[in-house]
Amino acid sequence: MKHKAGFVNIVGNPNVGKSTLMNQLVGERISIATFKAQTTRHRIMGIVNTDDMQIVFSDTPGVLKPNYKLQESMLAFSESALTDADVLLYVTDVVENPEKNMEFLEKVQKMTIPVILLINKIDESDQKTLGDIVTKWHSLLPNAEILPISAKNKFGTDILLKRIQELLPESPAFFDKDQLTDKPARFFVSEIIREKILLYYDKEIPYSVEVVVERFKEDDRQIHINAVIYVERDSQKGIIIGHQGVALKKVSTEARKTLEKFFDKHIFLEIFVKVDKDWRSSKKELDNFGYNPE
Ligand SMILES: Nc1nc2c(ncn2[C@@H]2O[C@H](COP(=O)(O)OP(=O)(O)OP(=O)(O)O)[C@@H](O)[C@H]2O)c(=O)[nH]1
Ligand SMILES: [Mg+2]
């Protein structure tokens, strides 16, 4: 059998389960997934390798109308995923209004590559409701194949992988066969710290935060990591640190535990908090932080 390979890009509105799905398909926790919308900020590759196939998945930020420059970069990552896919996975769920974002949907309607519409979270629905949702989506995207799934419960994901395999073009691999992602270790450190911030702080705080890993020093048994949490204002610095440092301590402890599982090594983690005024509206700072879709 000839070797197959290609790019399978995952797009959709915020919070529908794109990152959960990619992690299930790849079998590793590559992309952070939380109950909050706008968890993913970058385009992140997760690669599935077998002897005769390489699927390069891209997880992307949920599509939104930008209010500040960071969100403009996030949208650019999502839109870039419409231009270079062999197969597009458009993810929705059983609660979102199919007409929520017609502007983006119209772009998907015009695509000429195979589009698979995934209706996620079917564990939260019933047959009758699901039937109505499928009918609605069929009228909006008549050329798409529709597949109801539950990413969280891994329901429908094997069928999806088989279908992707059929649709992929014959091609040599694009990446080394032992490569799992396009991002370096430091990226996963900052994402895991940001995941804890999304989980433990309310309102605007998680959205005002960027995490930068300044030192990552690894030997056979352990990794020393220094990271900085940047916030936009002094008041946010106080909230991140918390009374007598308790809040930051919790972030640090929980991040260390997750990092130890991720790297399977002993982790020494030091986190500092700094103010970088209005960083998410500054093009220069966004470039520094790597929010620069080519
Ligand atoms: N009930 C149910 N919840 C799910 C399922 N898949 C994902 N979720 C939950 O949906 C929430 C959002 O999941 P994510 O994977 O972060 O969603 P996303 O589309 O990547 O979100 P953004 O990155 O913010 O655009 C999390 O709380 C997941 O646990 C599912 O199959 N069933
Ligand atoms: Mg995500």
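Start at 1 and go down the list; that is how both ligands and their atoms are numbered. Here the structure is a predicted model, which is why all the values come from computation and not from measurement.
Checked options F289, Y230, Y207; the residue passing with W279 is F289 (criterion: ring-ring contact (aromatic ring centres under 6.0 Å, His included)). Of the options I149, N120, I119, V11, a side chain to side chain contact (heavy atoms under 4.5 Å, CB included) to V91 is made by N120 and by none of the others.
Of all the heavy atoms of N120, the ones lying under 4.0 Å from any atom of ligand 1 belong exclusively to the side chain. Contacts of A37 with ligand 1, taken as heavy-atom pairs under 4.0 Å, involve the backbone alone. Counting heavy atoms closer than 4.0 Å to ligand 1, residue D123 contributes side-chain atoms (C-beta onward) but none from N, CA, C or O. Only the side chain of E124 comes within contact range of ligand 1, with a heavy atom under 4.0 Å; no backbone atom does.
Remark: D84 engages R43 in a salt bridge, criterion side-chain N to carboxylate O under 4.0 Å. Salt bridge status for K257 with E260: absent, with no side-chain N to carboxylate O gap under 4.0 Å. Taking the charged nitrogens against the carboxylate oxygens, R29 and E195 do have a contact shorter than 4.0 Å, which makes a salt bridge. Between E285 and K69 there is no salt bridge, since no side-chain N of the basic residue sits under 4.0 Å from a carboxylate O of the acidic one. The existence of a salt bridge linking K283 and D287 is confirmed by a sub-4.0 Å separation between a basic side-chain nitrogen and an acidic carboxylate oxygen.
Taking a cut-off of under 4.0 Å to the non-hydrogen atoms of G62, the atoms of ligand 1 that pass are 25 (O).
The closest protein non-hydrogen atom to atom 21 (O) of ligand 1 is N15 N, 3.0 Å. Atom 17 (O) of ligand 1 has its closest protein heavy atom at G17 N, 3.1 Å. At the top of the distance list for atom 15 (O) of ligand 1, counting protein heavy atoms only, stands T20 OG1, 2.6 Å. With hydrogens left out, the protein atom closest to atom 19 (O) of ligand 1 is K18 NZ, 2.7 Å, a heavy atom. Atom 29 (O) of ligand 1 has K152 CD, 4.1 Å as its closest protein atom, hydrogens excluded (heavy atom only). Looking only at protein heavy atoms, the nearest one to atom 10 (O) of ligand 1 is K121 NZ, 3.2 Å. For atom 27 (O) of ligand 1, the nearest protein heavy atom (residue, atom name, distance) is F35 CA, 3.3 Å. Atom 26 (C) of ligand 1 has as its closest protein heavy atom T34 O, 3.4 Å.
Remark: L118 CG to L21 CG distance equals 6.0 Å, nearest 0.5 Å.
Using a 3.5 Å distance cut-off with no hydrogens or angles, the side chains of Q24 and T157 do not pair a donor with an acceptor.
In summary, T40 places an N/O/S atom under 2.8 Å from the Mg ion (ligand 2), meeting the contact criterion. The nearest N, O or S atom of S19 is closer to the Mg ion (ligand 2) than 2.8 Å.
Where the criterion is an N or O separation shorter than 3.5 Å, residue side chain and backbone included, N153 fails it with respect to ligand 1.
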